[in-house]
Amino acid sequence: MAKAKVFVIYYSTYGHVQTLAQAVMKGVLKSGEVDAEIYQISETLSDDVLEKMNAAEKLNVPEITAEKLVEADGFLFGFPTRFGTAPAQVKAFFDSTGKLWSQGALAGKPVGLFFSTASQHGGQEATAFSFMPHFAHHGMVYVSLGYPSDQMRDNSAVMGGSPWGCGTVAGPNGERTPQVSELDIATIQGEKFAVVAAKLAAPASATDQAAAAAVPATAQAEAQAEAPAPTEQGKTQQDAGAQQTAAQEPPAKREGSGHVKKAVAKLKSLFS
């Protein structure tokens, strides 16, 4: 049976998220549960602008397209924050996924995030939180990181990341590179996410299918068991009433005539 496939997709301006993405990818592959591919989101700024920004050189990583997303069973997206939300490049990419949204092509697939900010309070959680509508509209399942490592509780040093996903703090001028502890957490996130993606993508076992099929029958049986049984007197009266009605009506009108009369009477009561 073929393994599930996870895409690690990132956008990076100064290389910090790019480094995190490689650590996340390492964790995904370490799990042994899935196949994985790494992509970057297309740049929208010109080379002249990037040069003036002192942006880092892009690695030779293929660029993701909206059409390519349908091939994956799960996604880990990484990007730096821009005023507490995703950068324009990431938003532009998601704007191109309208066709997939209309088809429900990504519905039910797991997704996670990782990110980078200039400072420890630069919006790592806000960046994840503000991007949730994109996933919600696609019907995707967000897989948070939680607290899988004691390093996330270490307050003795500057630390990126949160329960929403791993992260790094780049510094006001981008001078700080991802630390070993941050990369360790990134690897943990990749590994944990891969396990979840594999479980969600796995076909239901024969036992699970049988259990699912038994649910409607069980519910119906319980409903019948809870319904009060008619008394002997009530049953006799119902039978007698039915026989009397049938005897009084012509054969051609017996079938369904009672329903018609009840409907007419109800309409008259409503408009009287």
Side-chain angles (χ1 to χ4, degrees), residues 6-31 36 38-41 55-56 58-59 61 64 74-91 93-94 110-135 140-194 196-197:
V6 169
F7 282 0
V8 177
I9 304 171
Y10 70 91
Y11 171 77
S12 186
T13 307
Y14 296 105
H16 299 82
V17 176
Q18 185 170 264
T19 303
L20 278 180
Q22 293 170 331
V24 169
M25 184 71 169
K26 176 183 176 181
V28 173
L29 294 174
K30 180 182 177 182
S31 73
I38 188 168
Y39 296 91
Q40 61 181 325
I41 292 174
K58 306 286 186 184
L59 293 181
V61 174
I64 190 65
F75 311 90
L76 281 163
F77 287 96
F79 44 81
T81 186
R82 295 291 186 271
F83 304 105
T85 188
Q89 292 85 347
V90 177
K91 293 178 179 178
F93 172 72
F94 268 84
V111 63
L113 284 177
F114 55 98
F115 22 73
S116 170
T117 56
S119 67
Q120 220 171 355
H121 306 288
Q124 295 204 4
E125 292 192 359
T127 300
F129 188 74
S130 65
F131 207 71
M132 288 300 109
H134 294 78
F135 301 144
M140 304 174 82
V141 181
Y142 190 77
V143 180
S144 65
L145 173 60
Y147 284 91
S149 171
D150 289 338
Q151 294 179 96
M152 297 181 66
R153 296 181 173 88
D154 182 8
N155 295 320
S156 64
V158 174
M159 175 74 70
S162 75
W164 291 91
C166 69
T168 187
V169 177
N173 298 309
E175 70 281 0
R176 183 180 183 274
T177 58
Q179 304 298 293
V180 172
S181 56
E182 294 169 334
L183 296 177
D184 287 344
I185 295 170
T187 301
I188 292 172
Q189 180 175 2
E191 187 174 5
K192 282 173 54 66
F193 181 87
V196 174

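Heavy atoms only: backbone and side chains are in, while hydrogens, waters and symmetry mates are out. Not measured: the values here are computed from a predicted model.
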- [ ] Mind running side chain to side chain contact (heavy atoms under 4.5 Å, CB included) on Phe79 and Lys91 for me, showing each step along the way?
- [x] CA-CA 11 Å; Phe79 44 81; Lys91 293 178 179 178; over 6 Å; no
Is [Y] close to [X] at the side-chain level, that is, under 4.5 Å between some pair of heavy atoms?
{"X": "Ser149", "Y": "Asp184", "answer": "no"}
{"X": "Phe75", "Y": "Ile9", "answer": "yes"}
{"X": "Val8", "Y": "Phe114", "answer": "yes"}

Say whether, by atom type as modelled, one donor and one acceptor occur between the side chain of [X] and the main chain of [Y] under 3.5 angstrom.
{"X": "Arg176", "Y": "Gly171", "value": "no"}
{"X": "Thr187", "Y": "Ala23", "value": "yes"}
{"X": "Thr85", "Y": "Arg82", "value": "no"}
{"X": "Gln18", "Y": "Ser12", "value": "no"}
{"X": "Gln189", "Y": "Gly27", "value": "no"}
{"X": "Thr81", "Y": "Phe115", "value": "no"}

Apply side chain to side chain contact (heavy atoms under 4.5 Å, CB included) to residues Ile64 and Phe7 and explain how you reach the verdict. CA-CA 9 Å; Ile64 190 65; Phe7 282 0; 4.2 Å; yes
Note to self: Applying ring pair (Phe, Tyr, Trp, His ring centres under 6.0 Å) to Tyr39 and Phe93, what does each step give before you reach the verdict?
What the structure shows: CA-CA 13 Å; Tyr39 296 91; Phe93 172 72; over 10 Å; no
Smallest separation among heavy atoms of [X] and [Y], with atom names:
{"X": "Gln120", "Y": "Val158", "value": "NE2-CA, 3.7 Å"}
{"X": "Gln40", "Y": "Val61", "value": "NE2-O, 2.8 Å"}
{"X": "Val28", "Y": "Ser31", "value": "O-OG, 2.7 Å"}
{"X": "Leu145", "Y": "Ser162", "value": "CD2-O, 3.7 Å"}
{"X": "Tyr11", "Y": "Pro87", "value": "CD2-CG, 3.9 Å"}
{"X": "Leu59", "Y": "Tyr10", "value": "CB-OH, 4.5 Å"}

**OP:** Show the numbers, then the answer: is there a side chain to side chain contact (heavy atoms under 4.5 Å, CB included) between Leu183 and Leu20?
**Re:** CA-CA 6 Å; Leu183 296 177; Leu20 278 180; 4.1 Å; yes
Around atom CZ of Phe129, are there more than 12 heavy atoms from other residues, nucleotides or ligands closer than 6.0 Å? no
message: For Phe131 and Phe77, I'd like to know if the aromatic rings sit close, meaning centre-to-centre distance below 6.0 Å.
response: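 Distance test on ring centres: not under 6.0 Å, no.
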Using the rule side chain to side chain donor-acceptor pair (under 3.5 Å), only one of Glu182, Gln179, His16, Gln124 pairs with Thr168; which is it?
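Going through the options one by one, the only one that passes is Glu182.
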Note to self: According to salt bridge (Lys or Arg N to Asp or Glu O under 4.0 Å), who are the partners of Asp154, at least two apart in sequence or on a separate chain?
What the structure shows: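 With neighbours one apart ignored, the set is empty.
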Q. Quick one: salt bridge (Lys or Arg N to Asp or Glu O under 4.0 Å) partners of Lys58, sequence neighbours excluded?
A.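 Here the qualifying residues are Glu43.
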Taken to the nearest 0.5 Å, the spacing of Tyr14 OH from Asn173 CG works out to 9.5 Å
